[in-house]
Every structure is written in C-alpha cells, then in structure tokens.
Amino acid sequence: DTGVSQNPRHKITKRGQNVTFRCDPISEHNRLYWYRQTLGQGPEFLTYFQNEAQLEKSRLLSDRFSAERPKGSFSTLEIQRTEQGDSAMYLCASSFRPGRDIPDTQYFGPGTRLTVL
Amino acid sequence: TQLLEQSPQFLSIQEGENLTVYCNSSSVFSSLQWYRQEPGEGPVLLVTVVTGGEVKKLKRLTFQFGDARKDSSLHITAAQPGDTGLYLCALEETDSWGKLQFGAGTQVVVTP
C-alpha cells in the first residue's frame, strides 16, 4: 500500500508526558500537512511543510508542539508536557502541487488518536 | 477568515431513501472539496468543484456548486448502508498554498 501511513494509530499517555507521532507521506509528494480533529468537528489545520521547509503554523500550535520533516520525507509531530485538552485525532496529509492555479488534492492518513489521562 | 457551515449536523435515513447535505460559506471561494470520513480513518476526497454552477456526479452522489460560489450541496440517491459516514466540505484558504478549512461535517447514518 502506497498511501499515507501514520504511527502509532493509538496513543494513551498521562498528563505531563511527551509524545511523538510519525507520518510517512506518499512518496514524491512535496507537501505535508498536519491537522487535529476533535469529536464532532472537522479537521483543523496545524502546520505544513513544502519539502523540508515548515511554511506555516497555526496559532493552535502552542510552543509545546513541534513538527519536523527532515530531508523532506517523513514527518514527526511532538507534543511536550501533554494536557487533557490535547486529546484528539492527529491527521497527516500529503500532496503534490505543481502550481498555485491547480486545486490541491490532499491524501489523508488514518490518523493517530491521542488520549491524555 | 471564511466560515464554513454544514447542515444538517446529523441525518439518519433508511436504505433506499434520498438525502441532501449542504455547505455554506460566509464569502466566495475559488474551489470546494467534499470528503467522506469513516470512524477511525482519515477523510477521503470525493470531489473538487471549481466552477460556479458546476454539477459533478459520482455514481449515486451528485455534487453541486452554487452559481455565486458561496454554497455547495451533496445529494445521495437511493442511499445504502455503505454511504454511512461523516461528510465534510473544505475550502482552500486564499493565498494559503493548500491550507484547508473544514466544516464541522454532517454525520449520515443509513440503516438497512
């Protein structure tokens, strides 16, 4: 399967612990996105990368959150000192966009469900 | 920031019935995407509409983009249990290079 993969699929942690999620995009996709989705809501944008460069971060991404995409391939999202409010589904998506005038087609992974106790 | 509103929030119907869900924006948008999301999975793109008044069909699903490009609808004919899911609309924010803004979604349940 060559779709977007995310690991782990589920993570349960205690408040105050650090967690790290991984996203492997579709190969050759130059853009990678992280979204967060809570129950009953649509996904909310967190950040995105074009190749290895992080181009935009949402104000939802507090200083406890950090994302990297070394070498422009896989990406990691780390949450430090987790809080109960961080409990959500964290979704990764990737796309290849040759030009601004073409609508972006983002392919989503299955997500990582985080539960902070 | 554009606001996307979806209605209804929840829809429960019997197999074979038709249904329509709506997506409305506070301002004009250049394109809009419809996704379906099943429990425990990420959203899957169904269609992208770009032109005002555009109608696209995907088997039993019909997508319409309003003439004023501020609203869209998804109509499902003869719904089947496999159509059950969360239907999300999303637009690309202006000058964002791909940042999607999603509506809250319509949860559709089709019972046999």
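In what follows, chains carry the letters A, B, and so on, assigned in the order in which the sequence lines appear, proteins first and then strands, with residues in each chain numbered from 1.
Heavy-atom proximity under 4.5 angstrom to chain B picks out A/Q106, A/F108, A/G109, A/P110 from residues 106-117 of chain A.
The same ILVMFWY cluster, assembled from side-chain heavy atoms under 4.5 Å apart, contains both A/L46 and A/V19. Placement of B/V110 and B/L58 within a single hydrophobic cluster is found when ILVMFWY residues are connected by side-chain heavy-atom separations under 4.5 Å, directly or transitively. In the hydrophobic clustering of ILVMFWY residues, with side-chain heavy atoms under 4.5 Å counting as a link, B/V108 and B/L74 come out together. Cluster annotation: A/L32 is not connected to B/Y35 through the hydrophobic network of ILVMFWY side chains, with a link wherever side-chain heavy atoms come within less than 4.5 Å. Two different hydrophobic clusters hold A/F74 and A/F21 under the rule that ILVMFWY side chains link at heavy-atom gaps under 4.5 Å.
Contacts of B/F10 with chain A are absent, with no heavy-atom separation under 4.5 Å from either backbone or side chain. Only the side chain of B/Q37 comes within contact range of chain A, with heavy atoms under 4.5 Å apart. For a residue to count as touching a neighbouring chain, one of its non-hydrogen atoms must lie under 4.5 Å from one of that chain's; by this rule B/Q33 touches chain A with the side chain only. Of the atoms belonging to B/V44, not a single heavy atom falls under 4.5 Å from chain A.
In plain terms, the two heavy atoms of B/P43 and A/L91 that are nearest each other are CD-CD1, 3.9 Å. Minimum heavy-atom separation, A/F45 to B/K99: CD2-CE, 3.4 Å. Of all heavy-atom pairs spanning B/L88 and A/G42, the tightest one is CD2-CA, 3.8 Å.
For B/E5, the CD atom sits in a loose shell: 12 or fewer heavy atoms of surrounding residues, nucleotides or ligands are nearer than 6.0 Å. In the displayed structure, B/Q9 atom CD is contacted under 6.0 Å by at most 12 heavy atoms of other residues, nucleotides or ligands. The 12-atom threshold is not exceeded at CD of A/E28, counting heavy atoms of other residues, nucleotides or ligands nearer than 6.0 Å. Under a cut-off of 6.0 angstrom, the local environment of CD in A/E68 is sparse, with at most 12 non-hydrogen atoms contributed by other residues, nucleotides or ligands. Within a 6.0 Å radius of CG in A/L55, more than 12 heavy atoms belonging to other residues, nucleotides or ligands are found.
Interface check for chain B: of the options A/R9, A/Q6, A/Q50, the most heavy-atom pairs under 4.5 Å are formed by A/R9.
No side-chain heavy atom of A/P43 sits less than 4.5 Å from a side-chain heavy atom of B/L100.
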